[in-house]
Structures are given as structure tokens and as C-alpha cells.
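Heads up, the thing below is written out as C-alpha cells.
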Amino acid sequence: MPWLLKTEPDCYSIDDLARDKRTRWNGVRNYQARNFMRDGMKVGDPVLIYHSSADPPGVVGVASVSAAAEADVTALDPNDDHFDPKATKANPIWMSVEVQFVERLPALIEIGLLRATKGIEAMALLQRGQRLSVQPVTEREFEIVMRLARGTKPPKPRVGRAK
DNA sequence: GCCAACGTTGGC
DNA sequence: GCCAACGTTGGC
């Protein structure tokens, strides 16, 4: 299933991912987000990359899950910004998946455009007060965002449920 | 920079 | 286990 990962471009941007080709999504310190990475994200799942606290914020690219979650070693490193004194080797607490670069979108899809787009009103990203940095995205939401990216119209709603 | 919304912490 | 205080997120 598709996902969305938020990142602050000042910290790690789509350009950084394009350069690195793949990266461990380390530094996530929220249990719900960790659980999505640990239990939900499967190798091959597509991932929207979203720039938060950017001007403007929006979806900038696509990645895919390239390796399943494992211990986030940055939690064990006292010199790392994401050090967690409660984490141990036996119980690292935090986990992260590896993602690989797929593509940069031809243009950033601003959050305002997303808000104005029919069919994706229920996207987690667009809900008030939500700040989760790892979010599930439905197949249809993913498809609509990709069509926005390619400048074509979103598909008509399907009747009934997929699969 | 503001501030609403949310998660976490810690006293009790 | 409650909940007030605090810290963080992130759009605006």
C-alpha cells in the first residue's frame, strides 16, 4: 500500500534522496509512525515524499520502500540529534525502513492544491491538527496525486470497493 | 513569529 | 490512572 513520508527539506530533501539513491528513514520518534514503518510498510510499497515547514509545503517526489524496518541506530548514539537515552541494543525502541529514490515530480504539488482537489479530502495529511510524519495513503489517493503531478485530470470515482 | 493541536511527562 | 504543564509540529 502507498505511504507518505514528511521531511523538512532543510534537514533532508528530495534532492538529498536523489543524490543518496537510498536512505534509512532514521530519526522518527513517534510510536504511531514507528508502528507504521515496522508493521505496515512492505518492500516495494510506493511512498510520496512531502516537504514540510517549506515554502511552499507540498509533495515533491516519489520513493519506494527498499528494505523492511530495523533498529534505528541513531537512537543509540549519544552524539546524534535523535539520541534516546532509553534506547538500548537489546531494546532499541525505534525502528526505520529504508527507502529508495524513484522520481522527482515535474512540479511541487502544494498543499493548497491538494486541499482543493476532489477525491482526496480524507487524506491524513489534510486533516486538521495532524502531524504524523509517516502516514498511510490509499491507492486512489496515490493515483490522484500522481495524476496531479502529471497534469492530467483525476479519474472519475469508481463505484464499489477495490479488491 | 503565532498559535492550534497534539504527544509526552511527571506529580499526585 | 488522571491531568496540568510542557515541548513539538507545522501551516499560515
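Chain identifiers are assigned alphabetically (A, B, ...) following the order of the sequence lines, protein sequences preceding nucleic acid strands; residue numbering begins at 1 within each chain.
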Write down the protein N/O and nucleotide N/O pairs, taken from nucleotides 3-6 of chain C, whose separation is under 3.5 Å; answer none if there are no such pairs.
none

Just the atom pairs and distances: protein N or O near nucleotides 9-11 of chain B's N or O, under 3.5 Å.
none

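Stem analysis of DNA chain B (Watson-Crick or G-U pairs, both distances under 3.5 Å, runs of at least three) returns B:1-12 with C:1-12.
Applying the side chain to side chain contact (heavy atoms under 4.5 Å, CB included) rule to A:Ala107 yields no partners; only residues at least two apart in sequence or on another chain are considered. Take A:Trp25 and apply the ring pair (Phe, Tyr, Trp, His ring centres under 6.0 Å) test, not counting sequence neighbours, and it matches no residue. For A:Phe142, the ring pair (Phe, Tyr, Trp, His ring centres under 6.0 Å) criterion is met by no residue, not counting sequence neighbours. Qualifying side chain to side chain contact (heavy atoms under 4.5 Å, CB included) partners for A:Ile109, counting only residues two or more places apart in sequence or in other chains: A:Val59, A:Leu105, A:Leu113, A:Leu114, A:Val145, A:Leu148, A:Ala149. For A:Tyr31, the ring pair (Phe, Tyr, Trp, His ring centres under 6.0 Å) criterion is met by A:Trp94, not counting sequence neighbours.
Nucleotide B:dG7 holds its P atom 14 Å from the CD atom of A:Gln127, rounded to whole Å. If you take CG of A:Asp81 and P of C:dT8, they are 12 Å apart, rounded to a whole angstrom. Following rounding to the nearest Å, A:Leu125 (CG) and C:dC12 (P) show an atom-to-atom distance of 10 Å. Between the OH atom of A:Tyr31 and the P atom of B:dG7 there is a distance of 14 Å, rounded to whole Å.
Note that the CG atom of A:Asp10 and the OG atom of A:Ser53 stand 8.5 Å from one another [nearest 0.5 Å]. A distance of 11.5 Å separates CD1 in A:Ile49 from CD in A:Glu103, rounded to the nearest 0.5 Å.
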Query - A:Ser64 vs A:Gln100, side chain to side chain donor-acceptor pair (under 3.5 Å): CA-CA, chis, key distance, verdict - result: CA-CA 5 Å; A:Ser64 74; A:Gln100 66 181 7; 3.3 Å; yes
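Sorted by residue number, the members of residues 46-55 of chain A with any non-hydrogen atom under 4.0 Å from DNA chain C read A:Tyr50, A:Ser52, A:Ser53.
For residues 25-34 of chain A, the set of pairs meeting the salt bridge (Lys or Arg N to Asp or Glu O under 4.0 Å) definition, not counting sequence neighbours, comprises A:Arg29-A:Asp72. Pairs of residues two or more places apart, or lying in two chains, that qualify as salt bridge (Lys or Arg N to Asp or Glu O under 4.0 Å) and include a residue from residues 92-102 of chain A are A:Arg22-A:Glu98.
Residues A:Leu132 and A:Leu48 do not share a hydrophobic cluster, clusters being chains of Ile/Leu/Val/Met/Phe/Trp/Tyr side chains in contact below 4.5 Å.
Using a 4.0 Å heavy-atom distance criterion, A:Arg115 is classed as a sugar-phosphate-only contact.
With a 4.5 Å cut-off on side-chain heavy atoms, A:Met123 and A:Gln135 do not count as touching.
Listed by chain and number, the hydrophobic cluster partners of A:Leu76 come to none, as no ILVMFWY side chain reaches under 4.5 Å of it.
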